[in-house]
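In what follows, chains are A, B, ... by sequence order, proteins preceding strands, each numbered from 1. Basis for what follows: all heavy atoms, side chains included, without hydrogens, waters or symmetry-related copies.
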Number of protein chains: 2
Amino acid sequence: MVIFKEQAITASDKVFFRLRKEIVDGVILAGSKLSETELSTNYAVSRAVIREAINRLEACHLVERKANIGARVVSLTPEGLIELYQVRESLEGMAARLAAKNMSEDEIADLNALLNSQSDEVKNAELYYQEAGDLDFHYRIIQGSKNAYLISMLVNGLYHLVRMYRVQLGMAGPRVTSAFDEHKNIVQAISLRDSELAEMLMRRHIMYSKNNIKAKLQS
Amino acid sequence: MVIFKEQAITASDKVFFRLRKEIVDGVILAGSKLSETELSTNYAVSRAVIREAINRLEACHLVERKANIGARVVSLTPEGLIELYQVRESLEGMAARLAAKNMSEDEIADLNALLNSQSDEVKNAELYYQEAGDLDFHYRIIQGSKNAYLISMLVNGLYHLVRMYRVQLGMAGPRVTSAFDEHKNIVQAISLRDSELAEMLMRRHIMYSKNNIKAKLQS
DNA sequence: ATTTTCTATTTTGTCGACAATCTAGGTTCA
DNA sequence: TGAACCTAGATTGTCGACAAAATAGAAAAT
């Protein structure tokens, strides 16, 4: 299990993490207004740290802010989802390409081990896979790219939005096993250091995932 | 000429734009420390707006901040340049693909007109092209993708860093004419609505550009 | 009745001051 | 001599208050 631990140092960090979690999980509703004064009283902290947290949330596209008016949690739309996955396809495709070049043999071995352990879960139909397992897989590829911008944009930026769509649209679909097979093929391409293939497979994988979630959205 | 006008509403906006410009242009040296108190006295503004501006600069990867320590302007390295162009290749490739699908006929006509006007400049060897003309071309493709995330990440995020590398490495190379031809081919692919080709050509174009700037870096 | 204008209230933007943390320099101890 | 430890100074983080702008509601005009 890849441990991606963000440690909160300042009060602003804590509030940022907390707000982000509540937005992703839908505790704070999509589209709702974020009042600085209200949050500062609720969280027992000054408005300055609330403002800083909101600014950071804006930077990862979780809230939209207008000058002199305020900040709102983004609302989830079919168009937004498609645009998000287009960017994912592009960035994670590149990540897979770079991972095939830059991952160490040890990291690749770990990735294979992860897949094997997940294989059992899939056989036992533990739906747990979709949520955490899928994220874990993608995180490792992204980290394996060794590209700081890529990692930052995806991990700190877009992935929370991806999770927000998933959580709030209630993803527990029947795509578990097929996604697992796609993961296996991607890892194989990386093991062979075939960067072209790795990129192509990853792009397809995300495309399928987009189609799946899109279908859910229309139902 | 595409007008991409950002209007400053708050004091924080003004300081952000100004700091960003000075960093990109090298007025504030790469790697140097940004002291909040010093900046607040120099710019005759409170520390709060300086902090907010610095946070925004961090979001577009122009400065790096450490808690309780401070913020430094990023330093330019060969590795950073390569990683930056890898992301550009990925994102702008996707932008070209989407532009081929989503640009209106009018927008494509404008793009062709832009290229024709630039053609004269290139013949007359007005080096002006490289700086503004190239940016203008790429901006239009990005906007033509109609993907809000893509636009935001590139225009608000990475492009200032790209310009920082260009400016501070003194780009005025002999790549003007060949880049122009590559632009022409990309536009042609877009005109034919051939999204696959448009993406591929854009990726190659950025790869060549990377190799060019990398060669400069080593000289 | 509808629209416009004005006013009161609320919300965001900015400021200066205080608290917490880090940095640098010197001192003490082995 | 060198390393660990303290102390003073400077820097960042946080706070509460004021200024400026936007919103909502009532009053006035058509």
How would you list, by chain and number, every residue that makes a side-chain hydrogen bond (donor to acceptor under 3.5 Å, both in side chains) with B/E107, sequence neighbours excluded? B/S104, B/K146

Given that B/E36 and A/V49 both sit by DNA chain D, which one's nearest nucleotide is further toward the 5' end? B/E36

Protein-nucleotides 16-20 of chain D N/O pairs under 3.5 Å:
none

Specify the residues of residues 51-58 of chain A, ordered by number, for which at least one heavy atom lies under 4.0 angstrom from an atom of DNA chain D. none

Gap between atoms CD1 and C1', on A/I50 and C/dT12 respectively (whole Å): 14 Å

Residues at least two apart in sequence or cross-chain that pass side-chain hydrogen bond (donor to acceptor under 3.5 Å, both in side chains) with A/S145, listed by chain then number, are none

Is any NZ, NE, NH1 or NH2 atom of the basic residue among A/R163 and A/D134 found under 4.0 Å from an Asp or Glu carboxylate oxygen of the other? no

Which residues pass the side chain to side chain contact (heavy atoms under 4.5 Å, CB included) test with B/N112, sequence neighbours left out? B/I108, B/V187, B/S191

From B/Y165 atom OH to B/K210 atom NZ, the distance as rounded to the nearest 0.5 Å: 13.0 Å

Tell me, which of residues 8-18 of chain A have any heavy atom that sits under 4.0 Å from an atom in DNA chain D? A/T10, A/A11, A/S12

What residue pairs, at least two apart or across chains, pass salt bridge (Lys or Arg N to Asp or Glu O under 4.0 Å) with a residue in residues 74-103 of chain B? B/R88-B/E92, B/E89-B/R203, B/R97-B/E196, B/R97-B/E199

Under 4.0 Å between a side-chain N or O of B/K66 and OP1 or OP2 of C/dT21? no

Rounded to the nearest Å, what distance is computed from the CD1 atom of residue B/I69 to the C1' atom of nucleotide D/dT11? 11 Å

Within residues 26-48 of chain A or reaching into it, pairs that qualify as salt bridge (Lys or Arg N to Asp or Glu O under 4.0 Å) - sequence neighbours excluded: A/E36-A/R47, A/E36-A/R51, A/E36-A/R65

Give a yes/no on whether any side-chain N or O of A/K33 is located under 4.0 angstrom from OP1 or OP2 of C/dT12. yes

Sugar-phosphate only, base, or nothing, as touched by A/L34 at under 4.0 Å among non-hydrogen atoms: sugar-phosphate

How would you list, by chain and number, every residue that makes a side-chain hydrogen bond (donor to acceptor under 3.5 Å, both in side chains) with B/K21, sequence neighbours excluded? B/D25

Who pairs with B/Y159 by ring-ring contact (aromatic ring centres under 6.0 Å, His included), at least two apart in sequence or on another chain? B/Y139

Residues at least two apart in sequence or cross-chain that pass ring-ring contact (aromatic ring centres under 6.0 Å, His included) with A/Y149, listed by chain then number, are B/H61

State which residues pass side-chain hydrogen bond (donor to acceptor under 3.5 Å, both in side chains) with B/H160; sequence neighbours excluded, sorted by chain then number. B/R20

